[in-house]
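So you know, we letter chains A, B, ... as the sequences are listed, proteins then strands, and number each from 1.
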Amino acid sequence: MPELPEVETTRSGIEPHILNQAISGIVVRQPKLRWWVPETELLALVGQRVKHVARRGKYLLLEADAGTILIHLGMSGSLRVISDQREPLKHDHVDILFGHGKLLRYTDPRRFGAILWQPPGQIHERISRLGPEPLSDEFDVDCLRQQCKGRSVTIKQLIMNSHVVVGVGNIYANEALFHAGIDPRRPAGRISAKRLTLLVEAIKSILMAAIQQGGTTLKDFVDSNGQPGYFQQSLSVYGRGGKPCRNCSRPLKEVRLGQRSTVFCNYCQR
DNA sequence: AGACAAGCCTGTCCGC
DNA sequence: TGCGGACAGGCTTGTC
């Protein structure tokens, strides 16, 4: 499941292949993603060059003069640059063809992802009300305190809310809370500023480390299998319910918060 | 075989 | 009554 580090790695991986390249065609084989793929609007980009390859939260933005394509990878989506006309497989839903012969292929078995259209000068509804980027200076302890104030929702659910901060999915929410020593079940409004500072730092450092790792494991975006490698990184708690805490060796506890699996150390996290 | 996992949007309900 | 917050439900399919 792509979280922010993987989306950023995808962005930096495809950028050198498609930046300033002219789009020569767009093929939609399966328009039924999370939302219907706006094929007609997308075709406005044929003949145009990609001027920016950006990211906002977990959305990738391919910007041209006539508009911007927004791509969300959902939980099983991936993008690859293909250098020959190999046969599309079952879950290869969309191709963006380029004049230099390469193509960008969108694959998504579960179709939780999305491809959206943003007209020039507009900001799509899906990204217009997102919270700050976790790695930006805008996301600091004051920002998080403001969001926590008076909220009874658990801190884990709060940091996973994209209106609070973008890009923190289940894996990194679990990991960040472990590193900050905060019990994920704790109501957001009842955490000291000091501990929220630790949480902000944990979120930033874990995401940065994951991006660096993604960068080394995923650097070849042409003709690669596209399988992300960051899962293999040593995670402290995610997927380790019942296993010993890496800090105190007591068994990690697993509960469900907001219908999500939540793993933590009942002793180290308060 | 059937439960489960995931991101994240939408709808509903609750209390102030 | 209106509003935000909390939370359940739904989408999908590969994997266990």
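- Contact annotation: side chain of R151(A) to base of dG5(C), donor-acceptor pair absent below 3.5 Å.
- Taking a cutoff of 4.0 Å between a charged side-chain nitrogen and a carboxylate oxygen, K51(A) and D65(A) qualify as a salt bridge.
- Between Y59(A) atom OH and dG7(B) atom P there is a gap of 13 Å when expressed in whole angstrom units.
- With respect to the salt-bridge test (charged N to carboxylate O, under 4.0 angstrom), the residues E201(A) and K204(A) do not qualify.
- Taking atom NE2 of residue H163(A) and atom P of nucleotide dC8(B), one finds them 10 Å apart after rounding to whole Å.
- Under 3.5 Å, the side chain of R34(A) and the base of dC8(B) form at least one donor-acceptor pair of N or O atoms.
- R110(A) contributes a side-chain N or O that forms a donor-acceptor pair with the base of dT13(C) under 3.5 Å.
- Residue R126(A) is classed as a sugar-phosphate contact, given heavy-atom separations below 4.0 Å to backbone atoms only.
- A cation-pi arrangement is not found for R34(A) relative to F112(A), the charged atom failing to lie both closer than 6.0 Å to the ring centre and inside a 45° cone about the ring normal.
- Contact annotation for R256(A): backbone-only contact, meaning every heavy-atom pair under 4.0 Å involves sugar-phosphate atoms and none involves a base.
- Candidate nucleotides dA6(B), dG9(C), dT13(C) were compared by shortest atom distance to the side chain of R111(A), and dT13(C) ranks first.
- Using a cut-off of 4.0 Å between Lys/Arg side-chain N and Asp/Glu carboxylate O, D183(A) and R270(A) are scored as not salt-bridged.
- We find that the ring of F112(A) and the base of dC11(C) stack, their centres lying under 5.5 angstrom apart and their planes tilted less than 30°.
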